[in-house]
J.: 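First the structure, which I've put down as structure tokens, then a few questions once you've had a look.
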Amino acid sequence: MDNVYAIAAGEIAREAGQFLKHFSDGHRLAVENKGCDFDFVTNADRESQRLIASRLKARFPEHRFVGEEDGLSDAEVAEILKSGDYCWVCDPLDGTVNYIHHLGLYATSIGLVKDGVAVAGAIYLPEPDELFVAARGEGATLNGRPIHTTGCADLRHAFVSADVAAADLSRRDENLERIKRVGLAVGGLRIEGSACVCIAQTACGRQDAYWNLGLHAWDVAAGIVILEEAGGAVANVFAGPFGFDMKRGFLCAASGQLVEAFGEVVKR
Ligand code: 2AM
Ligand code: CA
């Protein structure tokens with residue numbers, strides 16, 4: 001991979017991820033509510049975003065930047081991403097609840113979007129030291145080796161993961177009904193708590209699909225280019241082709257056929 005944007009995303013995602021992994025050596029983790037009982041942010045999220053933003057600004061001063069902790073709405077982010085400018089879209093800590101509970105499934109995610117399309121990105125998992133990188137048209141790698149999805153097209157044999165939008169209490173019931181339907185339709189189901197980890201695992205063939213109706217652009221920007229370059233497909237569950245407005249839910253899978261079949265079960 002010699003794409004300058006993908007390389008930069010990978011280096012910075014790794015640096016921020018290592019910072020998160022060793023955060024407790026020098027800091028006390030301070031957990032705050034984000035305005036709802038089950039939506040959390042920590043000083044580690046904020047420090048990681050500061051690090052990523054400063055590194056990107058130093059390397060690409062002419063590019064725009066959107067991070068989860070900026071607090072922009074989905075509509076505001078979608079408007080920026082349509083603008084034609086290069087825009088870095090970052091989740092400084094994906095899987096915050098896992099991180100707070102010392103579960104190793106968390107990641108940093110740095111994607112580059114132009115004209116509404118993710119063109120390069122990196123996801124880094126600090127605990128297993130795994131760096132996923134991709135550039136549009138140039139393939140996807142895991143620790144430097146090319147990766148591919150399983151190509152699975154058969155929902156009954158698919159090994160999938162999902163997330164309940166825990167922060168949205170009013171929709172938990174509905175979400176759990178959907179999870180039950182999916183659980184009955186697929187070969188195996190996991191709930192892992194990090195969108196970036198699940199998208200990356202789908203890209204490298206460890207699982208076949210992932211869905212979460214409550215995601216934002218920073219949860220998926222890097223993952224989309226990594227997954228598509230590995231042969232997978234993405235969609236907004238209720239609206240067909242993927243768009244960064246995020247209003248219609250997120251689904252990704254090892255193949256276009258599996259996205260279709262999975263989407264039908266989620267929508268029903
Ligand atoms: P986060 O850790 O960066 O918040 C499971 O909760 C997955 O859904 C995580 O990747 C989490 O990202 C993402 N997610 C996005 N918005 C969320 C929200 N409001 N509440 C819980 N999880 C959310
Ligand atoms: Ca986050």
Side-chain angles (χ1 to χ4, degrees), residues 13 16-17 19-21 23 29-53 65-75 77 88-111 121-127 132 160-172 174-176 178-179 189-203 207 209-224 226-227 234 236-237 244-252:
F19 169 78
L20 290 172
K21 183 172 176 181
F23 186 78
L29 190 67
V31 180
E32 288 168 41
N33 276 125
K34 261 182 163 175
C36 148
D37 282 353
F38 301 99
D39 201 2
F40 302 103
V41 62
T42 73
N43 48 344
D45 297 62
R46 295 195 210 282
E47 290 296 319
S48 174
Q49 177 156 322
R50 239 192 299 276
L51 189 158
I52 293 169
F65 176 87
V66 168
E68 175 170 12
E69 308 318 331
D70 292 331
L72 296 178
S73 70
D74 289 337
V77 174
W88 293 94
V89 185
C90 304
D91 192 335
L93 169 48
D94 185 70
T96 296
V97 174
N98 285 350
Y99 183 80
I100 292 168
H101 289 269
H102 305 284
L103 287 169
L105 290 171
Y106 64 92
T108 53
S109 175
I110 300 178
I123 292 174
Y124 179 63
L125 282 59
E127 298 299 335
F132 295 78
V160 312
S161 63
D163 272 308
V164 193
D168 193 351
L169 274 179
S170 62
R171 298 189 65 192
R172 267 203 199 174
E174 181 192 332
N175 277 320
L176 289 168
R178 286 211 169 87
I179 295 228
L189 174 66
R190 298 289 184 277
I191 295 180
E192 298 178 45
S194 163
C196 292
V197 170
C198 292
I199 299 168
Q201 310 280 32
T202 306
Q207 63 179 69
Y210 169 71
W211 69 275
N212 182 335
L213 301 185
L215 294 182
H216 307 280
W218 46 80
D219 295 308
V220 303
I224 285 171
I226 293 167
L227 182 85
V234 301
N236 288 99
V237 178
F244 275 108
D245 59 36
M246 303 308 292
K247 276 187 297 224
R248 310 303 290 159
F250 179 80
L251 169 61
C252 73

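The first residue in the sequence is number 1, and the count goes up from there. Every number for a ligand or one of its atoms is a count from 1 in the order of the listing. In this text, all values refer to a predicted model and were calculated from it rather than measured experimentally.
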J.: Checking contacts here: is it the side chain or the backbone of T96 that comes within 4.0 Å of ligand 1, counting heavy atoms only? Could be both or neither.
T.: both
J.: What is the minimum heavy-atom distance between I52 and C90, and which atoms define it?
T.: CG2-SG, 3.8 Å
J.: Could you tell me which atoms of ligand 1, counted from 1 in the order shown, lie closer than 4.0 angstrom to a heavy atom of H216?
T.: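 Atoms satisfying the 4.0 Å criterion: 15 (C), 16 (N).
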J.: Nearest heavy atom to atom 10 (O) of ligand 1 wins, so pick from G95, A162, A195.
T.: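 Checking each option, the heavy atom nearest atom 10 (O) of ligand 1 is found in A195.
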J.: Before you tell me yes or no, could you show the steps for S48 and D45 under side-chain hydrogen bond (donor to acceptor under 3.5 Å, both in side chains), namely the whole-Å CA-CA distance, both residues' side-chain angles and the distance that decides it to 0.1 Å?
T.: CA-CA 5 Å; S48 174; D45 297 62; over 6 Å; no
J.: Which residues satisfy the side-chain hydrogen bond (donor to acceptor under 3.5 Å, both in side chains) test with E174, sequence neighbours excluded?
T.: R171, R178
J.: Give a yes or no on whether the backbone of Y106 and the side-chain of N98 come within a donor-acceptor separation of less than 3.5 Å.
T.: no
J.: Give the atom numbers and elements of ligand 1 that come within less than 4.0 Å of a heavy atom of D219.
T.: 3 (O), 12 (O), 15 (C)
J.: With atoms numbered from 1 as shown, which atoms in ligand 1 lie under 4.0 angstrom from a non-hydrogen atom of G214?
T.: 15 (C), 16 (N)
J.: Can you list the ligand 1 atoms lying under 4.0 Å from a non-hydrogen atom of N212?
T.: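 Listed by number with element, the hits are 7 (C), 8 (O).
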J.: Measuring from the Ca ion (ligand 2), name the closest N, O or S atom belonging to E68.
T.: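 Atom name returned: OE1.
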J.: Is ligand 1 under 4.0 Å from a heavy atom in the side chain of D94, in the backbone, in both, or in neither?
T.: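 Both parts.
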J.: Under a 4.0 angstrom heavy-atom cut-off, which atoms of ligand 1 come close to D91?
T.: 3 (O)
J.: To the nearest 0.5 Å, how far apart are OH in Y210 and CZ in R190?
T.: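 One finds 15.5 Å between OH of Y210 and CZ of R190.
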J.: What is the ring orientation for H216 with W218, classed by angle as parallel under 30°, tilted 30 to 60°, or perpendicular over 60°?
T.: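 It falls in the parallel class, under 30°.
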J.: For Y210, is at least one N or O under 3.5 Å away from an N or O on ligand 1?
T.: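 There is no such contact.
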J.: Below 3.0 Å, any N, O or S contact between V41 and the Ca ion (ligand 2)?
T.: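 So V41 does not count as coordinating the Ca ion (ligand 2).
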J.: Below 4.0 Å from any atom of ligand 1, is there a heavy atom belonging to L93?
T.: yes
J.: Run the side chain to side chain contact (heavy atoms under 4.5 Å, CB included) check on V41 and R46 step by step: do they pass?
T.: CA-CA 8 Å; V41 62; R46 295 195 210 282; 3.5 Å; yes
J.: So if I apply the side-chain contact (heavy atoms from CB on, under 4.5 Å) rule between W211 and each of I179, D163, V160, which one comes out positive?
T.: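 Of the listed residues I179, D163, V160, the side-chain contact (heavy atoms from CB on, under 4.5 Å) partner of W211 is I179.
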J.: Hey, could you give me the CG/CD distance between L103 and E192, rounded to the nearest 0.5 Å?
T.: 11.0 Å
J.: Which N/O/S atom belongs to D91 and is the closest one to the Ca ion (ligand 2)?
T.: OD1
J.: Counting both backbone and side chain atoms, is some N or O of E68 under 3.5 Å from an N or O of ligand 1?
T.: yes
J.: Out of curiosity, Q49 CD to D70 CG, how far, rounded to the nearest 0.5 Å?
T.: 4.5 Å
J.: D39 heavy atoms, cut-off 4.0 Å: which ligand 1 atoms fall inside?
T.: 18 (C), 19 (N), 20 (N)
